[in-house]
Novice: 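Take this structure, written in structure tokens, and hold onto it; I'll ask about it next.
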Amino acid sequence: MSEDDFDQIGPMESVAERMAAEALIVDVDGFEGPLDLLLTLGRTQKVDLRTISVLELAQQYLAFVERAKQLRLELAADYLVMAAWLAFLKSRLLLPPDPTEEGPSGEELAAHLAFQLERLQSMRDVAAKLMARDQLGREFFSRGIPEDVTQVRKITYTATLLDLMQGYARIRTKDEFRPYVMDRDAIFTLENALERMRGLIGFAGTWTDISTYLPDGFTTDPARRRSATASTFAASLELAKEGKVELRQSELYAPIELRRKD
Amino acid sequence: MSEEIDHKEESLFEAPPMAEQERMVEAILFATAEPVTVRELESRMPHGSDPAEALVYLRKRYNGRGVNVVKVGDAWAIRTAPDLGFLMRRETVETRKLSRAAVETLAIIAYHQPVTRAEIEEIRGVSVSRGTVDQLLEMEWIRFGRRRMTPGRPVTFVVTQEFLDHFGLENARDLPGLKELRAAGLLENRPPPGTMPQLGEGDTDAEEETQEGQNELFED
Amino acid sequence: MSEEIDHKEESLFEAPPMAEQERMVEAILFATAEPVTVRELESRMPHGSDPAEALVYLRKRYNGRGVNVVKVGDAWAIRTAPDLGFLMRRETVETRKLSRAAVETLAIIAYHQPVTRAEIEEIRGVSVSRGTVDQLLEMEWIRFGRRRMTPGRPVTFVVTQEFLDHFGLENARDLPGLKELRAAGLLENRPPPGTMPQLGEGDTDAEEETQEGQNELFED
């Protein structure tokens, strides 16, 4: 805030000043809250904001609220809250400090209010500086005919050697299925299993884990073991259906056991 | 009309230096939403200015630059240099997996090259769409081989060096054979759905169903 | 992902000569009304290009011309020289007049960013209307920053690249009077002693955070 701003305002007693005070009241809606009003009132003190007399300011504010009441002007609640607080501050500043009382001193409160006012004023000043800057579309300009960037989506396809080989295997396998000839290397078929089990169940007088029926050579290689397990299981079901054996399983995932049915 | 008079009147005052006029033309051409005529430049610049002359200098200044001063009809504009047009495209590259049909077609060509379209179709058991072949040609993974010396002289397809490079192969003969594929566990034993005869004799039918069930049961 | 890899691969090839890179940056900046980041320049130019270096040359080249190369945050743009604004009356866009509340709120956000609504209200001593914030958000002059790590996790506001572009600022550190304000302690978030009637009460824990956030934004 420059000195000039204060110079324009005369002493408290001047007619101009009283008119300004009236104007303040009439314009109360135009204020952006109590801090704004305090700032405006502060301008009537012929001082830098840093050396403002908060006591005097408090008195001015309270006088303003008093006057507004006389004029039966409705003041928003926050103006009244501020008035109450300033009255409290005023008493703190005027009375000698009570050593038994806790909380910040009147001076501390006053200093903070002065800080708030100075901070608000500083924001107003820089806001004005900001708005006074050269602005885009006012003092300087961007390209009038922007040449649009065209988005081109390029799709590249890819495949791995694995995809390729699996693709080929898929076709060749399909080929093999057509004449119903299968590579039986790793396959233990249902018929194989049935045949094998029919020969073996005669010995199964007690409960026996069906995995013990897997043929030799089908127990280590995972693929062969899988095939044999499945067909042995299916054959067991088939035999149970025929009423030749009984099956049981004590719990989920427990070994499935088989016994000849007499 | 009045402008004409103004012009004469004002030209008595000194016009800005030519360098300044050039700056002005530059700024106007840059910021205006349409190409600007000399007449309009004149009307916007201080009286006594000679935009036509300023344009000569400005045009020279932008000669060979990334943007040029160009004449559009009877007006002037700043435009991207034609050789830099490629910068005005923003390419987003998206990598997609080759379709199953394309992979299979490619595989057949790789394993059986040179191979005709009819042969590919015979092996795949379905017709090969023009798009699939075109796509592979465009990717430069396959190319036309020699024509087959059979009736109709059909074209054959072979894989390219790009194909070999992409898959890290020295030669298409390096592709693993069926046995190796199977040994490597790459061979799906389950026939693709729909290719299996739905109604077969009891036994074979049961067998295949078992097979299918097997895979479903034991697949990880 | 794949672009990264490409980049590494391709940078083994030679980048275009610097003069050519300068032309490319020139073309790209001329073509668009929005500031372009170095990163984007890089992605559009041939691999191995160094747009940051090209920009140094380009900026020098346009020094004092009718249009200038300007920095906006971490992006670059070409703008007409401010002293030629008088020629552009036709291009001037009528900007919505901002209310006093909006201007003040904007200034507080710019100088105190990242700042919470409660802090803005404490500084102005009055509540901030939703409309004011909405208007600034809509103009894209402010945006939401990170949430404050205090009870309630309030959102913060910061200014945008559009804000910097509009006011011709290279970055938020160049805000007029920023240094002086900081030196005077006016950007500190000073907690009120005791029982001051306070609209932004409860956010005082945030003091340290604010300082930190501010530092982040304003310091290199």
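The shown structure was predicted, so the numbers you read here are calculated from the model rather than taken from an experiment. Here is how names work: the chains are called A, B, and so on, in the same order as the sequence lines, proteins then strands, and each is numbered from 1.
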Novice: Please examine the side chains of C/Glu122 and A/Gln116, heavy atoms only from C-beta on, and report whether any two atoms are closer than 4.5 Å.
Specialist: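 A/Gln116 reaches C/Glu122 side chain to side chain.
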Novice: Check A/Val126 against C/Ala107 and note the closest heavy-atom contact, atom names and distance.
Specialist: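 Closest pair (atom of A/Val126, atom of C/Ala107, distance): CG2-CB, 4.4 Å.
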Novice: A/Ala127 and C/Val103: which non-hydrogen atoms are nearest, and at how many Å?
Specialist: CB-CG1, 3.6 Å
Novice: Check this for me: A/Tyr253, atom OH, are more than 12 non-hydrogen atoms of other residues, nucleotides or ligands nearer than 6.0 Å?
Specialist: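 No, not enclosed.
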Novice: Using the test side chain to side chain donor-acceptor pair (under 3.5 Å), find all partners of A/Tyr157 that sit at least two apart in sequence or belong to another chain.
Specialist: none
Novice: With the side chain counted from C-beta on, respond yes when A/Leu130 and C/Phe163 share a heavy-atom pair under 4.5 Å apart, and no when they do not.
Specialist: yes
Novice: Give, as side chain, backbone, both or neither, the part of C/Phe30 having an atom under 4.5 angstrom from any heavy atom of chain A.
Specialist: both
Novice: Could you tell me whether a side-chain N or O of A/Arg133 sits under 3.5 Å from a main-chain N or O of C/Gly168, the two making a donor and an acceptor?
Specialist: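 Judged by distance alone, yes, a pair lies under 3.5 Å.
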Novice: Regarding A/Asp36 and C/Arg100, does a basic nitrogen lie under 4.0 Å from an acidic carboxylate oxygen?
Specialist: yes
Novice: CZ/C/Phe167 to CG/A/Leu136 distance, rounded to the nearest 0.5 angstrom?
Specialist: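 The distance works out to 10.0 Å.
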Novice: Testing the basics here: between C/Ala33 and A/Pro146, what is the closest heavy-atom pair and its distance to 0.1 Å?
Specialist: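 Answer, listing the atom of C/Ala33 first, then A/Pro146: N-CB, 4.1 Å.
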Novice: Check whether any side-chain heavy atom of A/Phe140 sits under 4.5 Å from a side-chain heavy atom of C/Leu84, and report yes or no.
Specialist: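 Sidechains of C/Leu84 and A/Phe140: no contact.
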Novice: With chain A, which of C/Ala101, C/Gly85, C/Pro176 has the greatest number of heavy-atom pairs at distances under 4.5 Å?
Specialist: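 Maximum pair count with chain A is reached by C/Pro176.
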Novice: Working to the nearest 0.5 Å, report the span between CG of C/Leu29 and OG of A/Ser142.
Specialist: 12.5 Å
Novice: Between C/Thr32 and A/Arg143, what is the shortest heavy-atom contact and its length?
Specialist: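 Distance-wise, the nearest heavy atoms are O-CB, 4.1 Å.
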Novice: Which of residues 65-80 of chain C have a heavy atom under 4.5 Å from any heavy atom of chain A?
Specialist: C/Ile78, C/Arg79, C/Thr80
Novice: Below 4.5 Å, heavy atoms only, C-beta onward: do C/His112 and A/Met123 meet side chain to side chain?
Specialist: yes
Novice: Flag the one option from A/Glu118, A/Arg124, A/Lys129, A/Glu139 with the top tally of heavy-atom pairs under 4.5 Å to chain C.
Specialist: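 Counting heavy-atom pairs under 4.5 Å, the top option is A/Arg124.
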